[in-house]
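The block underneath contains the structure these notes are about, expressed in structure tokens.
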Amino acid sequence: TLPRLPGARPCIPKDFGHGSLVCVCNATYCDTLDPLVLPAPGSYVKYESSKAGKRLERSEGRFQSSLHAPGSATGGWRCQRGTPRHQGLSRAPPAGLLLTLNISTLYQRVKGFGGSLSDAAAMNILKLSQPAQDNLLRSYFSESGIEYNLVRVPMACSDFSVRPYSYDDVPNDYELKHFRLVDEDVKMKV
């Protein structure tokens, strides 16, 4: 188990050129977030990152209850983009983004959030020192990070592999008698 870092630690920006910044995460330091807390009913929390330097900047707002959401006879919630910290809603037309939620229609449950663990990602993670790996993985999966709980692993090679490969290159092997995982899977991803 990786030790937890207390409280939020700010991003230390590093510029690699090309007009964008990254946050330093190495063996001794990695930025963190305050623990995620569900907002009160009728409220939302937004985290925004931008090329201009925002790094998971937190802002809050309240949904405006409407009698009728567009296309619905049962109502819903509306919010519009506001200022960081708090968003004041008015009856005036929105100046930017307008989000309308029809709370009477449910489509699917969100199981979680995550990213892809490609060959390239795994190779780069394994090149880090163990303390740097711990900090990086903590920044993705712990309560002091962004709390990923899902990982997608490509089957066989992808455009982020250093070589083309599959799990069974024998033609017409429909019973998969020659199916084998490759070193990239066994040593880096599984």
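The structure displayed is predicted, hence computed values, not measured ones.
- Panel note: side chain N149, backbone F113; a donor-acceptor pair is recorded below 3.5 Å.
- Under 4.0 Å is where a charged nitrogen must lie from a carboxylate oxygen, and between D173 and K177 no such pair does.
- V153 and Y167 fall into different hydrophobic clusters, where Ile, Leu, Val, Met, Phe, Trp and Tyr side chains are chained together by heavy-atom contacts under 4.5 Å.
- Y47 and Y140 end up in the same hydrophobic cluster when Ile, Leu, Val, Met, Phe, Trp and Tyr side chains are linked at under 4.5 Å.
- In this structure a side-chain-to-backbone donor-acceptor pair under 3.5 Å is missing from S166 to A156.
- The side-chain heavy atoms of M123 and E184, taken from C-beta on, include no pair separated by under 4.5 Å.
- Contact detail for M188 and L117: the closest heavy-atom pair is O-CD2, 4.4 Å.
- E48 has a carboxylate O that lies under 4.0 Å from a charged side-chain N of K46, or vice versa, which qualifies the two as a salt bridge.
- Across V24 and K14, no two heavy atoms sit closer than the pair CG2-CB, 4.0 Å.
- Judged by distance alone, with hydrogens and angles left aside, the side-chain atoms of S129 form no donor-acceptor pair with the main-chain N or O of A27 at under 3.5 Å.
- A salt bridge links K189 and D119; the closest N-O separation between the charged side-chain nitrogens and carboxylate oxygens is under 4.0 Å.
- Looking at S118, its side chain does come within 3.5 Å of a backbone N or O of A121 through a donor-acceptor pair.
- If you chain together hydrophobic residues whose side chains sit under 4.5 Å apart, I12 and L56 never meet in one group.
- Taking the side chain as every heavy atom from C-beta outward, V182 and K187 never approach each other to under 4.5 Å.
- Between N26 and N135, the shortest heavy-atom contact is O-ND2, 2.8 Å.
- Taking 4.5 Å as the limit, some side-chain heavy atom of Y165 sits within range of a side-chain heavy atom of D185.
- For the pair E60/Y44, no side-chain contact is recorded, criterion being any heavy-atom separation below 4.5 Å from C-beta on.
- Contact annotation: the side chain of R152 approaches that of P154 to within less than 4.5 Å [non-hydrogen atoms, C-beta and beyond].
- The backbone N or O of S142 lies less than 3.5 Å from no partner atom in the side chain of E147, so there is not a single donor-acceptor pair.
- Ring-plane geometry between Y148 and F141 is classed as perpendicular, the angle between the planes exceeding 60 degrees on a 0 to 90 degree scale with a lower cut at 30.
- On the SG-SG cut-off of under 2.5 Å, C30 and C25 qualify.
- Without hydrogens or angle criteria, D31 side chain to P10 main chain gives no donor-acceptor distance under 3.5 Å.
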